[in-house]
Amino acid sequence: MRAVVYDRYGPPEVLRLEEVERPAPQDDEILVKVHATTVNRTDCGWRKAEPFFVRYFIGWRRPRRRVLGMELAGVVEAVGPAVTEFEVGDEVFGVKGFGAHAEYTCIREQGAVARKPTGMSFDEAAAVCDGALIARSCLRNADLRPGRSILVYGASGSVGTAAVQLARDLGAEVTAVCDTKNVELVRSLGADHVVDYLQQDFTKNGETYDVVFDAVGKHSFRRSRRSLKPGGLFVDTDLGFMWHGPLVVLATRWIGDKKAVLGITKYTKEDVLFLKELIDAGKYRAVIDRRYPLEDVVQATRYVETGQKTGNVVLTVAGGNGTGDAP
Ligand SMILES: NC(=O)c1ccc[n+]([C@@H]2O[C@H](COP(=O)([O-])OP(=O)(O)OC[C@H]3O[C@@H](n4cnc5c(N)ncnc54)[C@H](OP(=O)(O)O)[C@@H]3O)[C@@H](O)[C@H]2O)c1
């Protein structure tokens, strides 16, 4: 099969398309013919081995797993003997650690995978899991409900567009912060208020929120503190400059009534099933910026690394339904 491989850490150019052996499913795995996958920020982190400590998990000198790719949507091609939930021919979507930048990939039946939402294309289904599961994990303890308010900073990214939709579904009052070009998009996702950061600094407009969620790792507890209500919560997605994030989390445990927390993501089947329900009910949609064919993975990766994508960047694989609108 064709797969994107890499043998050393480095810039997007270390990625190349190669013929490799097709994986065979273990007893509890399904083999998926991948129709679409994505390039996300975590793929880029693995490829660069950044931050440095990730080498502990993925290989000190060189990558132990040659094929990147977390999100996937496709059709079940084969099942292991212990699999009971899926059958050959099922259309599925989900997220895993590695291996989806390929024509076929295996995923554990009990992993973060479910049947594809009805009426959603493969491209769209490939582009929903990572952002939504990160946002859901980060906001799990934010107690979002009617009467509570949240500000989402970086609302136009993969995690941000997900957070706006999930918070709106929970009934919270949502304020989204993004730049001018994305104002209409985030409004269409359900934001009650939008702050265009090119026009206004939300920390200086006098408004306060129960929760401030930095969905893009570009803000900080210190700068957001005055925008939090008493007892408010700052939620970060990132370790922050010089990894100060965990220190701030610890400090706010003991000092003051405004707290900071750092979101830790666990991809679970339960969350994918929750997302599928939301999509089937018309309460959540994919936001896709660009689509590239698998062989253009280097261009796709360069674009993701600009840090300017809106929502998600899809790679179309065998039978993918991309529209070829990449530049
Ligand atoms: N906690 C976890 O387990 C976990 C796992 C993976 C990733 N992450 C983190 O999740 C975060 C978000 O990832 P993502 O994939 O959603 O990012 P992304 O899609 O690459 O974010 C890009 C978006 O952010 C906006 N943006 C860039 N700079 C900004 C700024 N200074 N102020 C406001 N908006 C800005 C961009 O819009 P404009 O530039 O057009 O405004 C663009 O729409 C990252 O911090 C990443 O490290 C966390």
- prompt: Quick one: do Leu185 and Ile288 end up in the same hydrophobic cluster if we chain Ile, Leu, Val, Met, Phe, Trp and Tyr together by side-chain heavy atoms under 4.5 Å apart?
  reply: no
- request: First locate atom CZ of Arg136, then atom CG of Leu170, and finally report the distance between them rounded to the nearest 0.5 Å.
  value: 8.0 Å
query: If you take all heavy atoms of Ala172 and Ile150, which pair is closest and at what distance?
result: CB-CG2, 4.3 Å
query: Does any non-hydrogen side-chain atom of Val4 lie less than 4.5 Å from one of Leu294?
result: yes
- prompt: Any donor and acceptor pair, going by atom type alone, linking the side chain of Thr208 with main-chain N or O of Ser227 inside 3.5 Å?
  reply: no
- request: Return the minimal non-hydrogen interatomic distance between Asp238 and Arg41, and the atom names on each side.
  value: OD2-NH2, 4.5 Å
field: Test item: Asp28 side-chain N/O and Arg108 main-chain N/O as donor-acceptor pair under 3.5 Å
entry: no
Value rounded to 0.5 Å, distance of CG in Leu262 from CG in Asp236: 6.0 Å
message: Quick one, Phe213 with His219, criterion ring-ring contact (aromatic ring centres under 6.0 Å, His included). Give me CA distance, side-chain angles, the key distance, then yes/no.
response: CA-CA 9 Å; Phe213 179 40; His219 222 271; over 10 Å; no
message: Between Asn205 and Gln200, do the side chains contain a donor N or O and an acceptor N or O under 3.5 Å apart?
response: yes
- prompt: Would you call Glu29 and Val83 a side-chain contact if the rule is heavy atoms closer than 4.5 Å?
  reply: no
task: Take Asp296 and Arg302 through the salt bridge (Lys or Arg N to Asp or Glu O under 4.0 Å) test and state the conclusion after the steps.
output: CA-CA 10 Å; Asp296 289 347; Arg302 283 193 197 124; over 6 Å; no
Close side-chain approach of Arg290 and Tyr303, heavy atoms under 4.5 Å: yes
message: Could you tell me if the side chain of Val183 sits less than 4.5 Å from the side chain of Cys178, heavy atoms only?
response: yes
- prompt: Any link between Val5 and Val297 through a network of hydrophobic side chains (Ile, Leu, Val, Met, Phe, Trp, Tyr) touching at under 4.5 Å?
  reply: no
- request: Verify whether one side chain among Ser121 and Asp123 offers a donor that lies under 3.5 Å from an acceptor in the other.
  value: no
- prompt: Any donor and acceptor pair, going by atom type alone, linking the side chain of Asp289 with main-chain N or O of Lys309 inside 3.5 Å?
  reply: no
query: Run the side chain to side chain contact (heavy atoms under 4.5 Å, CB included) check on Val32 and Leu72 step by step: do they pass?
result: CA-CA 9 Å; Val32 179; Leu72 63 105; 4.0 Å; yes
query: Between the side chain of Arg64 and the main-chain N/O of Phe57, is any donor-acceptor distance below 3.5 Å?
result: yes
query: Are Val235 and Val212 connected, step by step, through hydrophobic side chains (Ile, Leu, Val, Met, Phe, Trp, Tyr) whose heavy atoms are closer than 4.5 Å?
result: no
task: Kindly say whether Val92 contributes a backbone atom to a donor-acceptor pair with the side chain of Asp90 at under 3.5 angstrom?
output: no
task: Count the heavy atoms of every other residue, nucleotide or ligand shown that sit under 6.0 Å from NZ of Lys181, and state whether that count exceeds 12.
output: yes
- line: Taking every heavy atom of Asp7 against every heavy atom of Arg62, the minimum-distance pair comes out as O-CB, 3.6 Å
- prompt: Is there side-chain contact between Val314 and Tyr292, with heavy atoms separated by less than 4.5 Å?
  reply: no
For the student: nearest non-hydrogen atoms of Gly217 and Thr237, plus distance: N-OG1, 3.5 Å
For residues 154-162, which side-chain donor-acceptor pairs fall under 3.5 Å, sequence neighbours excluded?
| residue | atom | partner | partner atom | Å |
| --- | --- | --- | --- | --- |
| Ser158 | OG | Asn312 | OD1 | 2.8 |
| Thr161 | OG1 | Gly157 | O | 2.8 |
| Thr161 | OG1 | Ser158 | O | 3.2 |

message: If hydrophobic clusters are built by linking Ile, Leu, Val, Met, Phe, Trp and Tyr wherever their side-chain heavy atoms come under 4.5 Å apart, do Leu68 and Trp60 end up in the same one?
response: yes
Nearest-0.5 Å distance, CD1 of residue Ile30 to CZ of residue Phe86: 5.0 Å
- request: Sorted by first residue and then second, give each side chain to side chain donor-acceptor pair (under 3.5 Å) pair with at least one member in residues 93-103; sequence neighbours left out.
  value: Arg2-Glu103, Lys96-Thr105
- prompt: According to a 4.5 Å side-chain heavy-atom criterion applied to Ile, Leu, Val, Met, Phe, Trp and Tyr, with indirect links allowed, do Phe98 and Val20 form part of one hydrophobic cluster?
  reply: no
message: If you count every heavy atom of other residues, nucleotides or ligands that lies below 6.0 Å from Arg222 atom CZ, does the total exceed 12?
response: no
- prompt: Does Phe202 reach the side chain of Glu207, with side-chain heavy atoms less than 4.5 Å apart?
  reply: no
statement: Exactly one candidate in Leu151, Val152, Val174, Leu233 meets side-chain contact (heavy atoms from CB on, under 4.5 Å) with Tyr209; the answer is Leu151
- request: Before accepting this row, confirm whether a basic side-chain N of the pair Asp280/Lys276 lies closer than 4.0 Å to the acidic partner's carboxylate O.
  value: yes
field: Verdict with reasoning, Glu109 to Lys269, per salt bridge (Lys or Arg N to Asp or Glu O under 4.0 Å)
entry: CA-CA 9 Å; Glu109 176 184 40; Lys269 179 184 285 290; over 6 Å; no
message: Quick check: do Cys129 and Val272 have side-chain heavy atoms less than 4.5 Å from each other?
response: yes
message: Apply side chain to side chain contact (heavy atoms under 4.5 Å, CB included) to residues Phe93 and Met120 and explain how you reach the verdict.
response: CA-CA 10 Å; Phe93 77 129; Met120 189 171 236; 5.8 Å; no
field: Side-chain heavy atoms of Tyr284 within contact of Leu275, under 4.5 Å
entry: yes
message: Looking at Phe234, I'd like to know if the NZ or CZ of Arg225 sits under 6.0 Å from its six-membered ring centre while staying within 45 degrees of the ring's axis.
response: no
Glu85 CD: over 12 foreign heavy atoms closer than 6.0 Å: yes
- request: Walk me through it: do Val261 and Thr252 pass the test side chain to side chain contact (heavy atoms under 4.5 Å, CB included)?
  value: CA-CA 9 Å; Val261 292; Thr252 62; over 6 Å; no
query: Pick one: which of Arg168, His193, Arg148 meets side chain to side chain donor-acceptor pair (under 3.5 Å) with Glu173?
result: His193
message: Any side-chain to backbone donor/acceptor pair from Lys258 onto Leu228? Under 3.5 Å, distance only.
response: yes
- request: Assess whether atom CG of Asn141 is packed by more than 12 heavy atoms of other residues, nucleotides or ligands within 6.0 Å.
  value: no
task: Take Asp192 and Arg187, measure what side chain to side chain contact (heavy atoms under 4.5 Å, CB included) needs, and give me the verdict at the end.
output: CA-CA 7 Å; Asp192 300 289; Arg187 207 168 263 146; over 6 Å; no
- line: In short, Ile107 meets Val95 closest at the heavy-atom pair CD1-O, 3.9 Å
message: Testing the basics here: between Glu21 and Met1, what is the closest heavy-atom pair and its distance to 0.1 Å?
response: O-CE, 3.9 Å
query: What pairs meet the side chain to side chain donor-acceptor pair (under 3.5 Å) rule with one or both residues in residues 50-59, with sequence neighbours excluded?
result: none
query: Any Lys/Arg nitrogen of Arg47 or Glu13 sitting under 4.0 Å from an Asp/Glu carboxylate oxygen of the other?
result: no
message: Could you check whether any side-chain N or O of Gln165 sits under 3.5 Å from a backbone N or O of Arg285, counting only pairs where one atom can act as donor and the other as acceptor?
response: yes
